[in-house]
Amino acid sequence: MMRDIIISAIIMGSLGVIFGSLLAFASQKFAVEVDERQAKIRALLPGANCGGCGFAGCDAYADALVQQTTKLGKCSACTKENLELIAEILGQKADASVPCVAVVRCKGTCDKIIGSNLYEGTMDCRLATRVPGNSPVSCQFGCIGLGTCVSVCKFDAISVKDGIAVVDREKCVGCGTCVANCPKGVITLIPKTSRVTVKCQNTHKGLLVKKVCNAGCIGCMLCVKSCPKQAIFMQENLAVIDTDKCVNCGICVQKCPVKVIDKEA
């Protein structure tokens with residue numbers, strides 16, 4: 001009995017040594033060399049893994065930079081100083097990029113929306129668009145307000161207040177994750193220097209807009225006529241601001257009769 005146990009122990013020990021040696025050999029033979037630049041670049045990225053760069057996370061983006069399969073500057077959350085350091089590591093030149101911020105193009109708060117539908121499903125805007133009418137909100141262009149953008153934002157820059165999403169400009173890094181996940185296309189990115197925005201995207205004519213919301217653009221064109229820089233134009237019954245021409249004077253904000261144009265502080 002004891003002899004059998006000793007023999008079994010010797011066999012198992014021998015197998016362990018053999019398999020261990022094979023694994024050690026394989027790990028050396030098939031080892032993938034990791035470029036040390038990847039670790040350095042990864043340390044300079046924010047680490048939020050927000051996906052705004054188009055990659056699964058900061059590790060994947062750092063690897064793609066080293067492999068030269070993507071361009072530098074896709075991480076909007078990366079500081080200018082870190083971007084320059086990454087460029088130095090890669091032996092490239094850091095191109096100047098314009099910082100952006102997310103804007104919710106809707107002012108349809110609970111007291112402004114008319115005749116919204118009852119919704120009792122999962123609190124997810126993407127799923128809510130599957131209900132009859134494509135949205136529980138009466139305005140088919142408006143913010144649904146169930147907070148999908150809140151859940152995907154890695155920087156805690158979005159909240160839902162009074163039925164619509166609100167962006168904290170100080171926290172927002174312009175990564176674009178909320179833009180990609182908004183099923184209604186209500187959120188967009190604009191240059192951070194732009195302070196005046198049209199908080200509506202309803203392209204219906206004024207009378208139809210008034211039937212669903214008291215805070216929608218009615219296409220009166222007063223903003224267009226009053227802009228001293230010709231920075232506003234009409235597109236499909238909706239006022240649109242040319243951020244390249246706008247000087248944030250705020251005259252259009254004062255002239256808008258439905259107060260759908262905002263000027264951020």
Side-chain angles (χ1 to χ4, degrees), residues 46-61 64 70 74-77 100-192 197-204 208-209 211-217 235-238 240 260 262 264:
N49 296 315
C50 63
C53 60
F55 292 87
C58 295
D59 287 321
Y61 181 48
T70 190
K74 286 192 173 183
C75 178
S76 56
C100 290
V101 65
V103 171
V104 180
R105 296 181 297 172
C106 181
K107 291 196 73 175
T109 52
C110 296
D111 59 322
K112 297 294 192 300
I113 287 291
I114 302 171
S116 295
N117 303 314
L118 178 64
Y119 177 73
E120 296 181 343
T122 304
M123 298 298 285
D124 185 283
C125 299
R126 294 164 295 193
L127 294 177
T129 57
R130 299 177 185 178
V131 302
N134 195 37
S135 173
V137 180
S138 56
C139 176
Q140 68 182 78
F141 301 92
C143 175
I144 298 175
L146 297 181
T148 296
C149 53
V150 178
S151 63
V152 299
C153 180
K154 303 296 184 180
F155 302 93
D156 192 30
I158 309 180
S159 58
V160 173
K161 297 179 181 178
D162 203 9
I164 62 171
V166 178
V167 177
D168 185 330
R169 289 178 66 100
E170 297 303 317
K171 293 182 178 180
C172 179
V173 299
C175 68
T177 304
C178 56
V179 177
N181 284 276
C182 178
K184 305 299 288 187
V186 175
I187 310 177
T188 189
L189 292 178
I190 64 171
K192 208 160 190 175
T197 54
V198 178
K199 295 294 185 69
C200 181
Q201 60 168 3
N202 193 330
T203 56
H204 287 162
L208 292 177
V209 173
K211 286 183 178 181
V212 295
C213 182
N214 289 323
C217 178
Q235 184 174 344
E236 295 185 83
N237 306 306
L238 180 67
V240 178
V260 75
D262 274 352
E264 304 286 347

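Just the heavy atoms: all of them, side chains too, but no hydrogens, waters or symmetry mates, feed the values below. For clarity, every value in this text was computed on a predicted model and none was experimentally measured.
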Between Gly147 and Cys125 the two heavy atoms that sit nearest each other are N-SG, 3.8 Å

Would you say Asn237's side chain and Thr203's backbone share a donor-acceptor pair under 3.5 angstrom?
-> yes

Separation of Ile144 CD1 from Met123 CE (nearest 0.5 Å) | 11.0 Å

For the pair Phe55 and Tyr61, name the ring-plane relationship: parallel under 30°, tilted 30 to 60°, perpendicular over 60°.
-> tilted

When rounded to the nearest 0.5 Å, the distance separating CG of Leu127 from CG of Leu146 is 9.5 Å

Report yes or no: does Asp168 contribute a side-chain atom to a donor-acceptor pair with the main-chain N or O of Glu170 at less than 3.5 Å?
-> yes

For Asp124, which residues count as a salt bridge (charged side-chain N to carboxylate O under 4.0 Å, His left out) partner, sequence neighbours excluded?
-> Arg126

For Ser138, all residues meeting side-chain hydrogen bond (donor to acceptor under 3.5 Å, both in side chains), sequence neighbours excluded = none

Lys192 NZ: over 12 foreign heavy atoms closer than 6.0 Å | yes

Can you find a pair of side-chain heavy atoms, one from Ile190 and one from Val101, that are under 4.5 Å apart?
-> yes

Is atom CD of Glu236 surrounded by more than 12 heavy atoms (other residues, nucleotides or ligands) closer than 6.0 Å?
-> no

Do the non-hydrogen side-chain atoms of Val104 and Val166 ever get within less than 4.5 Å of each other?
-> no

Sub-3.5 Å donor-acceptor pair from the side chain of Arg105 to the main-chain atoms of Thr197, do we have one?
-> no

Heavy-atom pair with the smallest gap, counting every atom of Cys213 and Gly216 = SG-N, 3.8 Å

Could you please spell out the steps behind the side chain to side chain contact (heavy atoms under 4.5 Å, CB included) verdict for Val240 and Val198?
-> CA-CA 7 Å; Val240 178; Val198 178; over 6 Å; no

Any donor and acceptor pair, going by atom type alone, linking the side chain of Thr177 with main-chain N or O of Cys50 inside 3.5 Å?
-> yes

Any donor-acceptor N/O pair, Ser135 side chain to Gln140 backbone, under 3.5 Å = no

Worked verdict on Val103 versus Glu264 for side chain to side chain contact (heavy atoms under 4.5 Å, CB included) = CA-CA 10 Å; Val103 171; Glu264 304 286 347; 5.9 Å; no

Where is the tightest heavy-atom contact between Asn202 and Cys139, given as atom of each residue plus distance?
-> ND2-SG, 3.5 Å

State whether the side chain of Gln201 and the backbone N or O of Lys184 hold a donor-acceptor pair below 3.5 Å, judged by distance alone.
-> yes

Rounding to 0.5 Å, atoms SG (Cys178) and CD1 (Ile158) come to a distance of 4.0 Å

Interatomic distance, CD1@Ile164 vs SG@Cys143, rounded to 0.5 Å, equals 6.0 Å

Closest heavy-atom pair, Leu189 versus Gly174, reported as atoms and distance to 0.1 Å, is CD1-O, 3.7 Å

Heavy-atom donor-acceptor pair, Thr109 side chain to Asp162 backbone, under 3.5 Å = no

How long is the gap from CG on Leu238 to NE2 on His204, to the nearest 0.5 Å?
-> 11.5 Å

Of all heavy-atom pairs between Ala77 and Pro46, which one has the smallest distance, and what is that distance?
-> CB-CG, 3.8 Å

Is there a donor-acceptor pair under 3.5 Å between the side chain of Asn181 and the backbone N or O of Cys149?
-> no

